[in-house]
Each structure stands twice: as C-alpha cells, then as structure tokens.
Amino acid sequence: MIRVGVLGARGRVGVEVCKAVEAAEDMELVAAVDKGDPREALTAAEVVVDFTHPDVVMDNLHWCISHGLHAVVGTTGFDAERLETVRGWLREHEGVNVLIAPNFGIGAVLMMHFAQKAARYFDSVEIVELHHPNKADAPSGTARRTAELVAEARRAAGRGPSPDATTSALPGARGAEVEGVRVHAVRLAALIAHQEVLLGGEGETLTIRHDTMSRASFTPGVLLGVRRIRELPGLTVGLEHLLDL
Ligand SMILES: NC(=O)C1=CN([C@@H]2O[C@H](COP(=O)(O)OP(=O)(O)OC[C@H]3O[C@@H](n4cnc5c(N)ncnc54)[C@H](OP(=O)(O)O)[C@@H]3O)[C@@H](O)[C@H]2O)C=CC1
Ligand SMILES: O=C(O)C1=N[C@H](C(=O)O)C[C@H](O)C1
C-alpha cells in the first residue's frame, strides 16, 4: 500500500483526489490537509499530492522535500526560476522525488503533444484557454506549457514569429505573449477547463481542442504519478514522461 497525503484536500480538485486515493486498492489516504490544518499529519505519508495555490505551493514543496516526502504536484505557477529552485532543494535531499505537471488529464497531455507536433508545419499559432471564473492564475499553467512546447518546436524548425501586422491595439487585445506565442485567457461561469490551439498555414487551419468535463478526469493521471514517483529520480516536469507518446 502506498501511503498518500493530500494538500488542498477540501479544494475543487483535492476532493476528487482524496476520493480516487480512497478507492484505489494499492493506496491508503493517511492525511487530508487544507488551509489552516497542521502539515505534520503528512509525515505519515510516503507521497504527498499538492493541489493548493500558486502562492503557497513553493513553501509546501520545500516542507515536503525537507521532510523526505515525495511530491506529486498539480498546482500551477511554475516558471523556469521556480523549477530551478526545486532542483536545488532536491540536490540537498537525495532520494526524494518530485513530479510537477501543469495538467494531469490524459487528453490534455495529448492535446499539448499534438500541438507541439503540428507547430513546425504552420505559419501562425495562437492559444485560447477557457476556464471557470474562480481560477487564481492567468494564463493557465497548461497554456503556458503549451506555448513553451510550441515555441520550442518552431525554433527547432527555424520558424520566426507568427505574422502579425497589428500597429494599433487596445492593451490586452492581442493576449499575453509566452515565448513569442499569443495566449488568450477567457473566464466564464459554467466552464471547467478548456483549451484550443489554433494553427494557420497556406489555405488551411487546424484547431486542436481539449475539454475537461469533470475534475475527476485529473485523477487517473495523479494516481499514475503517485504509483511511479518513487522510480523517477529528482524532478520530473510533465505527465508525458510517464506515458508512451
Ligand atoms: N495539474 C492539473 O491537472 C490541475 C491543476 N490545477 C491547479 O491546482 C490548483 C488548485 O486548483 P483548485 O482545486 O481548482 O483550487 P481550489 O481553490 O478549489 O483548491 C485549493 C485548496 O487549497 C487550499 N489551500 C490554500 N492554501 C493552502 C495551504 N497553504 N495548505 C493547504 N491547503 C491550502 C484552499 O483553501 P482556501 O480555499 O481556504 O484558500 C483550497 O481548499 C490551481 O493552481 C489549479 O490551477 C487544477 C486542476 C487540474
Ligand atoms: O485551475 C484550473 O481549473 C486548472 N488548472 C490547470 C492549469 O492552470 O492549466 C489545469 C487545468 O487547466 C485546470
């Protein structure tokens, strides 16, 4: 049995993760911790799952690593600097492993992968992410990561920026720029999490779209991470490393 603790256990995703861990035959939920609860309960766990908030996730991770606990992290807000900080902590605590994934949905991971594959073949690319209005961060972690992957593929193919002759625009009208890729964030009641990657070329467009219809969709990926984390040394970024893509 893998002893699992959940941080953010009363949150929208945390609740689903707790249910999934309790239903898994090879796991035991030993701690369900949310804001205001003492983290010490997590020391009964081997693996801690974090779905909290971008403002607190670094402190949580530092605490887990320094207590020798593996961490599977869904919370967003990671940039290159934060990832480097985590790598530094892990160097000081050999044997502790961390998986950080901006999206644990299998379909979402495939959407990012397909977008990365397609990027080299099109002149233009833009990303539209659409989420529930209670989301803390914009753009989403998934959109940021998609933009990074697409930008990397375009650079490798020797492609310059997407064509754009705009010389006059209201601030924000063209979205945010992530490594040269435009990302637009929509917040709308009734939505959960959705993303479109729009690609345009000579006389054709390709739209790659993913829709999250239930937060339970994140749990198979989280459980996969929990099962595999002990054999993934150091820091792993992205669920794609655990899939056969
Ligand atoms: N990687 C993935 O697949 C996915 C990632 N996410 C990300 O996960 C994060 C959480 O999303 P979501 O569940 O919707 O958010 P919620 O706000 O619903 O849940 C977060 C929970 O964490 C609690 N919390 C805040 N601070 C702490 C703390 N220091 N220690 C323990 N618990 C704390 C919150 O309490 P309170 O409300 O009182 O502040 C809340 O109950 C976000 O960054 C989101 O983008 C979401 C979906 C999928
Ligand atoms: O906050 C959310 O809801 C989600 N957050 C993640 C992100 O920022 O990419 C994953 C998914 O989009 C849902």
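Whatever order the structure lists them in is the order used to number ligands and atoms, beginning at 1.
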At what distance is the nearest protein heavy atom to [atom], and which residue and atom is it?
| atom | answer |
| --- | --- |
| atom 10 (C) of ligand 1 | Thr52 O, 3.2 Å |
| atom 4 (C) of ligand 1 | Phe51 CE2, 3.4 Å |
| atom 19 (O) of ligand 1 | Gly11 CA, 3.2 Å |
| atom 38 (O) of ligand 1 | Lys35 CD, 3.5 Å |
| atom 1 (O) of ligand 2 | Lys135 NZ, 2.9 Å |
| atom 17 (O) of ligand 1 | Arg12 NH2, 3.5 Å |
| atom 28 (C) of ligand 1 | Val56 CG2, 4.0 Å |
| atom 43 (O) of ligand 1 | Thr76 OG1, 2.8 Å |
| atom 9 (O) of ligand 2 | Thr142 OG1, 2.5 Å |
| atom 6 (C) of ligand 2 | Pro102 O, 3.7 Å |
| atom 41 (O) of ligand 1 | Asp34 OD2, 2.9 Å |

Could you note down all residue pairs passing salt bridge (charged side-chain N to carboxylate O under 4.0 Å, His left out) where residues 194-205 supplies at least one of them, sequence neighbours left out?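 Every salt bridge (charged side-chain N to carboxylate O under 4.0 Å, His left out) pair that includes a residue of residues 194-205, provided the two are not neighbours, is Glu196-Arg209.
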
Using heavy atoms and a threshold below 4.0 Å, how should the contact between [X] and ligand 1 be classified: side chain, backbone, both, or neither?
| X | answer |
| --- | --- |
| Phe104 | both |
| Ala101 | backbone |
| Lys135 | side chain |
| Pro102 | backbone |

At their closest point, which heavy atom of His53 faces which heavy atom of Ala136, and how far apart are they?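 It is NE2-CB, 3.5 Å.
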
Nearest heavy-atom approach of Ala118 to Leu199 is CB-CD1, 4.1 Å

[X] neighbourhood, listing ligand 1 atoms whose heavy-atom distance to it stays under 4.0 Å:
| X | result |
| --- | --- |
| Gly74 | 1 (N), 2 (C), 4 (C), 5 (C), 6 (N), 7 (C), 8 (O) |
| Asn103 | 1 (N), 2 (C), 3 (O) |
| Val13 | 13 (O), 46 (C), 47 (C) |

Those atoms of ligand 2 less than 4.0 Å from some heavy atom in [X]:
| X | answer |
| --- | --- |
| Gly141 | 7 (C), 8 (O), 9 (O) |
| Ser140 | 7 (C), 8 (O), 9 (O) |
| Ala193 | 11 (C), 12 (O), 13 (C) |
| Asn103 | 10 (C), 11 (C), 12 (O) |
| Thr76 | 6 (C), 7 (C), 8 (O) |
| His131 | 2 (C), 3 (O), 4 (C), 11 (C), 12 (O), 13 (C) |

Can you find a pair of side-chain heavy atoms, one from [X] and one from [Y], that are under 4.5 Å apart?
| X | Y | answer |
| --- | --- | --- |
| Lys35 | Arg10 | no |
| Glu177 | Arg182 | yes |
| His194 | Asp211 | yes |
| Arg145 | Met112 | yes |
| Leu69 | Trp63 | yes |
| Leu130 | Leu188 | no |

Out of Val49, Ile229, Val98, Leu232, which one pairs with His70 under the side chain to side chain contact (heavy atoms under 4.5 Å, CB included) rule?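 Of Val49, Ile229, Val98, Leu232, side chain to side chain contact (heavy atoms under 4.5 Å, CB included) with His70 is met by Ile229 alone.
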
Going by side chain to side chain contact (heavy atoms under 4.5 Å, CB included), Val178 matches just one of Val183, Val150, Thr146. Which one?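 Result: among Val183, Val150, Thr146, Val183 is the only option passing the side chain to side chain contact (heavy atoms under 4.5 Å, CB included) with Val178.
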
Ion pair present between Arg187 and Glu129, side-chain N to carboxylate O less than 4.0 angstrom? yes

For the CE atom on Met1, are there more than 12 heavy atoms of other groups (residues, nucleotides or ligands in this structure) within a distance under 6.0 Å?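 Result for CE/Met1: enclosed.
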
Might you confirm whether atom CD of Glu81 has over 12 heavy atoms from other residues, nucleotides or ligands at distances under 6.0 Å?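 Incorrect, the count does not exceed 12.
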
Examine the proximity of ligand 2 to His132 and report which part, side chain or backbone, both or neither, has a heavy atom under 4.0 Å away.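 The answer is the side chain of His132.
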
Taking the ring of His93 and the ring of Trp89, is the distance between their centroids below 6.0 Å?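 For Trp89 and His93, the ring centres are not under 6.0 Å apart.
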
Do any N/O atoms on Pro54 end up under 3.5 angstrom from N/O atoms on ligand 1?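 N/O-N/O distance under 3.5 Å: no.
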
Looking only at distance, does Leu7 have an N or O less than 3.5 Å from an N or O of ligand 1?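 No, Leu7 has no N/O under 3.5 Å of an N/O on ligand 1.
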
Verify whether one side chain among Asp50 and Thr52 offers a donor that lies under 3.5 Å from an acceptor in the other.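 Distance-only check passes for Asp50 and Thr52.
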
Looking only at heavy atoms of Arg10, does any of them come nearer than 4.0 Å to an atom of ligand 1? yes

